Amino acid sequence: MFPKTYRFIFSLMLLFISTYFLGAQSNDETIDMSDVYTIASPSPKFKSIQLQSHKGLPRFGAQNMYYSKNRDGVFKGANRAKNKLVKQGYTNYYKLLEMKQLHTYFDDIDREYLTLITRENSGNRKDLNSSISQKILLPLAYGIGSSEQIRTYFCDPKDPNCRFKGNWGGSRDDFEMQEKYAAYVKENLDDLRTWSKTLFQGDRQTAYLVHKYEFSPYGRPVISYDFDQNGFWIDVFPSNRNPHSKGFQFLRDETFFFEFLPETPYGNAHLNSMTDTNSYWPKMLLKMDASDAEALVNRKPKSIYAAIKVTIVLKGVEEPQVSIPYIKYTFHLADPLIEFYEDVELTQKFGQISLENPIYQK
């Protein structure tokens with residue numbers, strides 16, 4: 001009796017485990033990619049890069065963390081597979097972009113040996129460039145490499161789990177690290193550099209900058225409706241310095257949006273809205289009929305989101321410190337319309353502001 005009972009229970013456990021893992025595998029294979037911007041890999045040696053997107057363009061700023069809700073509107077968890085895919089995509093994107101922008105540094109990379117900076121060579125420009133390039137290459141190679149690449153260049157043969165230990169070959173042996181590094185560079189560096197040159201064509205990238213605003217975090221709005229002007233007064237910053245949930249990017253896109261340098265009449269007019277006596281951007285009127293505003297308030301969205309179409313421009317590389325290059329960017333507005341949504345997925349639009357005829361708060 002007991003053996004049969006145990007066999008029955010064991011069979012049920014196997015069925016559950018098989019169903020679970022098959023389901024997990026199926027979920028990974030059916031990730032919704034409709035809001036993902038893919039930069040295709042040129043080779044099976046590397047993984048493609050996935051970024052969040054809006055209207056077919058890369059999305060920066062406040063991001064969707066892919067939380068799902070139950071029927072009662074309560075958050076029940078995040079899509080971990082998609083989170084992981086996009087998080088790694090942003091990391092690979094920034095590192096590959098650094099490789100492109102710091103191409104003169106990579107010209108000096110030592111292709112045979114890892115460069116160690118000591119007191120003796122700390123003033124050697126070529127050694128410094130090589131060291132900086134190698135520090136960029138290591139996490140990029142691990143993050144963007146295929147499974148076969150990871151096994152070949154980062155797995156310690158003594159570690160069956162192939163855990164990343166922050167070095168080449170997954171070993172603390174200097175000879176092993178040097179050997180794996182030199183082999184990787186020989187087989188892959190030129191291909192990676194060629195791929196990096198396809199980013200920021202013409203030193204420009206059009207994208208969407210998304211801002212997050214608290215609207216009704218505690219069940220009632222913190223942004224008041226102006227019945228005289230028929231709308232909400234909103235802070236619309238043409239920079240990324242206002243606080244919002246950064247999500248996957250860990251502040252890495254901050255340099256994209258640090259300096260607003262308009263290239264259009266409406267952009268220049270917006271820049272000039274900041275007066276000498278006011279160092280902050282004035283609030284702008286988001287016009288809405290009272291009935292539409294009431295409906296929005298009754299829906300009680302905790303946050304609202306502004307999507308701003310921008311063009312990011314590479315201005316060059318500066319060196320405030322010899323060993324720490326700084327890639328300088330500016331950006332300008334690529335569209336006068338700023339669209340507002342009540343969901344982080346940017347599907348439920350409820351209003352817009354045109355910078356061709358804005359109303360500023362006095």
Side-chain angles (χ1 to χ4, degrees), residues 17-53 58 65-66 78-100 106 109 111-112 114 133-199 247-250 252:
I17 292 171
S18 300
T19 303
Y20 175 82
F21 282 107
L22 285 173
Q25 181 179 5
S26 176
N27 288 338
D28 286 347
E29 292 175 351
T30 58
I31 292 176
D32 178 12
M33 303 291 281
S34 61
D35 64 343
V36 172
Y37 180 87
T38 298
I39 302 172
S41 167
S43 166
K45 297 189 298 184
F46 312 123
K47 293 182 290 192
S48 294
I49 295 174
Q50 280 83 23
L51 310 177
Q52 287 191 351
S53 71
M65 301 301 289
Y66 303 120
N79 185 327
R80 293 183 181 181
K82 195 169 184 179
N83 275 352
K84 182 179 179 180
L85 181 74
V86 175
K87 180 178 179 180
Q88 188 62 60
Y90 277 105
T91 299
N92 293 340
Y93 178 74
Y94 293 122
K95 288 299 179 186
L96 196 63
L97 190 56
E98 282 183 303
M99 176 177 281
K100 170 191 168 73
F106 277 87
I109 196 170
R111 302 175 72 98
E112 297 291 335
L114 294 167
S133 300
Q134 290 173 351
K135 289 176 181 177
I136 294 171
L137 179 62
L138 175 62
L140 174 60
Y142 182 80
I144 211 165
S146 65
S147 298
E148 183 178 352
Q149 289 258 307
I150 301 304
R151 288 192 299 270
T152 302
Y153 299 107
F154 293 99
C155 280
D156 182 352
K158 300 177 182 178
D159 181 4
N161 296 318
C162 188
R163 288 166 291 195
F164 182 49
K165 299 176 182 177
N167 50 41
W168 297 95
S171 171
R172 296 297 181 185
D173 183 89
D174 289 340
F175 294 100
E176 180 73 14
M177 286 190 287
Q178 296 284 2
E179 180 183 344
K180 292 295 185 181
Y181 165 75
Y184 182 88
V185 168
K186 181 179 179 180
E187 295 297 326
N188 300 288
L189 179 59
D190 291 338
D191 292 336
L192 271 179
R193 293 193 67 183
T194 298
W195 186 14
S196 75
K197 294 175 184 178
T198 65
L199 305 182
F248 304 111
Q249 299 175 56
F250 305 109
R252 290 178 182 171

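Note that the structure is a prediction, hence the values are computed from the model and not measured.
Using modelled atom types, no side-chain atom of Ser146 and backbone atom of Phe46 make a donor-acceptor pair closer than 3.5 Å. Although no hydrogens or angles enter the test, the distance criterion places a donor-acceptor pair under 3.5 Å between the side chain of Ser48 and the main chain of Ser41. Here the side chain of Thr38 pairs no donor or acceptor atom with the backbone of Ala40 at under 3.5 angstrom. Judged purely by atom type and a 3.5 angstrom limit, Asn92 uses its side chain to pair as donor or acceptor with the backbone of Gly143. The backbone N or O of Met177 lies less than 3.5 Å from no partner atom in the side chain of Asn167, so there is not a single donor-acceptor pair. In this structure, the side chain of Lys100 does not engage the main chain of Thr194 through any donor-acceptor pair within 3.5 Å. Put simply, the side chain of Lys47 never gets that close to the backbone of Gly89: no donor and acceptor are under 3.5 Å apart.
Looking only at atom types and distance, the side chain of Asp173 has no donor-acceptor partner in the side chain of Ser171 under 3.5 Å away. Judged purely by distance below 3.5 Å, without hydrogens or angles, the side chains of Asp174 and Gln178 never pair a donor atom with an acceptor atom.
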> Between Asp35 and Lys82, is a salt bridge (Lys or Arg N to Asp or Glu O under 4.0 Å) present by the stated rule, with each step listed?
Replying inline: CA-CA 11 Å; Asp35 64 343; Lys82 195 169 184 179; 2.8 Å; yes

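By the 4.5 Å heavy-atom criterion applied to side chains, Phe106 and Met99 are counted as neighbours. Using a 4.5 Å heavy-atom cutoff, the side chains of Leu51 and Val86 are not in contact. At least one side-chain heavy atom of Gln149 sits less than 4.5 Å from a side-chain heavy atom of Asn188. In this structure, the side chains of Leu192 and Tyr184 come closer than 4.5 Å at one or more pairs of heavy atoms. Here the side chains of Tyr37 and Ile49 are not in contact, with every heavy-atom distance at 4.5 Å or above. Side-chain contact between Tyr90 and Gln52 is present, with heavy atoms from C-beta onward closer than 4.5 Å. A heavy-atom distance below 4.5 Å is found between the side chains of Met33 and Gln50. A heavy-atom distance below 4.5 Å is found between the side chains of Trp195 and Ile144.
In terms of heavy-atom proximity, Pro139 sits nearest to Ile136 at CD-O, 3.4 Å. Closest approach of Lys45 and Asp191 over heavy atoms only: NZ-OD2, 2.7 Å. Contact record, Tyr181 with Gln134: OH-NE2, 3.0 Å, taken as the closest heavy-atom pair.
Between Leu140 and the options Glu98, Lys135, Lys95, a side chain to side chain contact (heavy atoms under 4.5 Å, CB included) holds for only Lys95.
With respect to Arg151 and Glu148, no salt bridge is recorded, no charged nitrogen being found less than 4.0 Å from a carboxylate O.
Sparse packing is recorded around CZ of Arg80, with 12 or fewer heavy atoms of other residues, nucleotides or ligands lying under 6.0 Å away.
Atom CD of residue Gln88 and atom OH of residue Tyr93 lie 15.5 Å apart, to the nearest 0.5 angstrom. Distance check, rounded to the nearest 0.5 Å: CG of Leu96 to CZ of Arg193 gives 11.5 Å. Put simply, NZ on Lys84 and CD1 on Ile31 are 10.5 Å apart, with the number rounded to the nearest 0.5 Å.
Between Phe154 and Trp168, the ring planes are parallel. Angles under 30° get that label, and only those over 60° would be called perpendicular.
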